Amino acid sequence: MSKDHYLKSELYRLLKTEDTVFDFLQKGSLEGVWYWNLEKPEDEWMSPEFWKILGYEPDAMPHTPSSWQSIINQDDLQIAIDNFEKHLQDENHPYNQIVRYKHKNNSTVWIHCRGIAIRNKDGKPIRMLGAHNDITKLKQLEEINKRNLKAVDELYATAKLDLEEAEDIFKNLPDATLLVDDCGYINKLNHQACVLLGYTEKELLCMNVDDLVPENYKKNHPKMRQEYLESPSTRSMLKSSRIISAQHKNRSFVPVEIKLSSIKTRYGQRVLVSLRDFTEQSKLIESLKLALEQNRSLNKEASIDSLTNLKNRRYFEDAALREFSNCKRNNIELSVAIIDIDYFKKVNDKFGHIVGDNVLKSISQELLKYIRVGDVLARIGGEEFAILLPSTSLLAGEVLMDRLRTAISELQFEDNVGTITISAGLSSMSLNDNGYQDIIKKADDALYEAKQNGRNKVVTKA
Ligand SMILES: Nc1nc2c(ncn2[C@@H]2O[C@H](COP(=O)(O)OP(=O)(O)OP(=O)(O)O)[C@@H](O)[C@H]2O)c(=O)[nH]1
């Protein structure tokens, strides 16, 4: 057997002889000591500290077990009695439990209560020595800790749910969506992206968005990505949308509308790329373009004289109708000239129709030289032309028509045709005119007069 340290032996001796040593030890390390006479069970000494913890005046409290048994939690008392009885029968069974007392102010005081039976030489328990520790603060901290842990658990559960919800939203976004890092690598994608681009999720997660760009964009794409990362606000969420092509796994091109948005994550800047399949819309746009083109050429055919490329009668009449109401409403002058080639039948008869056609074309080109923007020159019959002259008075119109007439008469036509003259009737809109037809009628009458009076003339009629 090892010998006790001499200081331990000395301390034990001191404890037997010096009360102050015992008092110091119990005050310094415990919140209460109790000592129970099991041969006279109504006697139990409780140290003053025990009562102080519970808010009572120690001197006023009797040294009996009933004094504390009345304020201990009754469930805890049962546990303590149970342990007490077991310990009396078997010294190896510890008398050790945490019990709750009711403080004088009704609050709960948690006490760690331990004890040991002191037995006589026959082994019969005759005394019980015990110690109390006030662990209320510890219990309160434990409570706070439990509450905090519960709150953390709840927060974690909510965050988990939020995350799952966000994942679900991302997965079910109607457009193909990629989450791309600042180097262009795809970090995340939804099923629609696989459908649109023809790659599996595993393949796309190893790819860079540059790989999905058509060949002619590939070179510039990294630079464009960089520019976007540097100033994403200029193409902020959903504002920047462009239609380009994405390259499918099978090397075909899928027209897509692309929208970008920049996201700051804890891993750094990320770009959310949304790709909407534009195949159907592109087809529609193409067919609309075609229809528009066809419509344009149909319109052109409907308004152009195919021989001279001048406007035709239909166009002229539409323009006359428009200009008549516009000029009338705004009190603007409007003149109309009808021109007819003199003795054109003779040209045809003498040189043939093809030469006649050439003459018509040459005269058209010459007339065009005198036409301003806003005037309308048309071939309205075989060898008959008309000019619509908005913002032109009868006098100004006459000057113009005379210059025209002179110019034509001075032209030398090919194929030995030589010179040709024209006659013209000119009229202007007056208060009595109810429609453009009235002005044309007056111009026709004036033309008839010019023909009657020897041709190569301009006759005016207000
Ligand atoms: N080459 C050619 N001739 C045309 C065309 N349209 C009409 N003509 C001819 O133009 C001629 C018109 O003759 P007329 O109406 O008798 O008049 P004109 O001979 O010019 O005599 P006036 O008008 O009285 O000076 C006819 O011979 C038509 O065949 C055309 O597109 N091409």
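Side chains included, hydrogens not; waters and symmetry mates left out as well; all remaining heavy atoms used. The chain is numbered in sequence order, starting from 1. Bear in mind the structure is a predicted one, so any value in this text is a computation, not a measurement. Just so you know, ligand 1 is whichever comes first in the structure, and atom 1 is the first atom listed for that ligand.
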- Could you list the atoms of ligand 1 found under 4.0 angstrom from a heavy atom of D342? 25 (O)
- Query: What atoms of ligand 1 come closer than 4.0 angstrom to any heavy atom of I341?
  - Reply: 20 (O), 23 (O), 25 (O)
- Message: In this structure, is the centre-to-centre distance between the rings of F316 and Y436 below 6.0 Å?
- Response: no
- Note the single closest protein heavy atom to atom 9 (C) of ligand 1, along with its residue, its atom name and the distance in Å. N348 ND2, 3.2 Å
- Provide, to 0.1 Å, the distance between atom 13 (O) of ligand 1 and the closest protein heavy atom, together with that atom's residue and name. K345 CB, 3.6 Å
- Query: Identify the closest protein heavy atom to atom 22 (P) of ligand 1: which residue and atom is it, and at what distance?
  - Reply: K451 NZ, 3.5 Å
- Closest non-hydrogen protein atom to atom 6 (N) of ligand 1, residue and atom name please, with distance? G382 CA, 3.1 Å
- Query: Do any nitrogen or oxygen atoms of G356 come within less than 3.5 Å of a nitrogen or oxygen of ligand 1?
  - Reply: no
- Message: Can you tell me if K249 has over 12 outside heavy atoms packed within less than 6.0 Å of its NZ?
- Response: yes
- Note on the structure: When distances are taken from atom 32 (N) of ligand 1, the protein heavy atom at minimum range is D357 OD1, 2.8 Å
- Would you say N250 has more than 12 foreign heavy atoms packed within less than 6.0 Å of its CG? yes
- atom 17 (O) of ligand 1 [closest protein heavy-atom partner, distance rounded to 0.1 Å]: E383 OE2, 3.8 Å
- Hey, does R379 sit under 4.0 Å from ligand 1 if you only count heavy atoms? yes
- Query: Checking K451 against Y448: charged group under 6.0 Å from the ring centre and within 45 degrees of the axis?
  - Reply: no
- Given the rule in the side-chain hydrogen bond (donor to acceptor under 3.5 Å, both in side chains) test, do S423 and D340 qualify, once you have shown the distances and angles that lead to the verdict? CA-CA 5 Å; S423 298; D340 191 279; over 6 Å; no
- Protein contact to atom 18 (P) of ligand 1 [nearest heavy atom, distance to 0.1 Å]: F344 N, 3.6 Å
- Under-4.0 Å heavy-atom contact with ligand 1, by part of D340 that carries it: side chain
- Message: Counting only heavy atoms not in I354 (residues, nucleotides, ligands), do more than 12 fall under 6.0 Å from its CD1?
- Response: no
- Measure the distance from atom 24 (O) of ligand 1 to every protein heavy atom, then report the residue, atom name and distance (to 0.1 Å) of the closest one. R455 NH2, 3.0 Å
- With a cut-off of 6.0 Å (strictly less than), are more than 12 heavy atoms of other residues, nucleotides or ligands near CD1 of I332? yes
- Message: Are more than 12 heavy atoms, taken from residues, nucleotides or ligands other than Q269, located less than 6.0 Å from that residue's CD atom?
- Response: yes
- Item | Value rounded to 0.5 Å, distance of CG in D277 from CG in L196 | 5.5 Å
- Query: Heavy atom under 4.0 Å from ligand 1: found in D349's side chain, backbone, both, or neither?
  - Reply: neither
- Taking every non-hydrogen atom, the tightest pair across L173 and Q192: O-NE2, 3.1 Å
- Item | Short N or O distance, L307 and ligand 1, threshold 3.5 Å exclusive | no
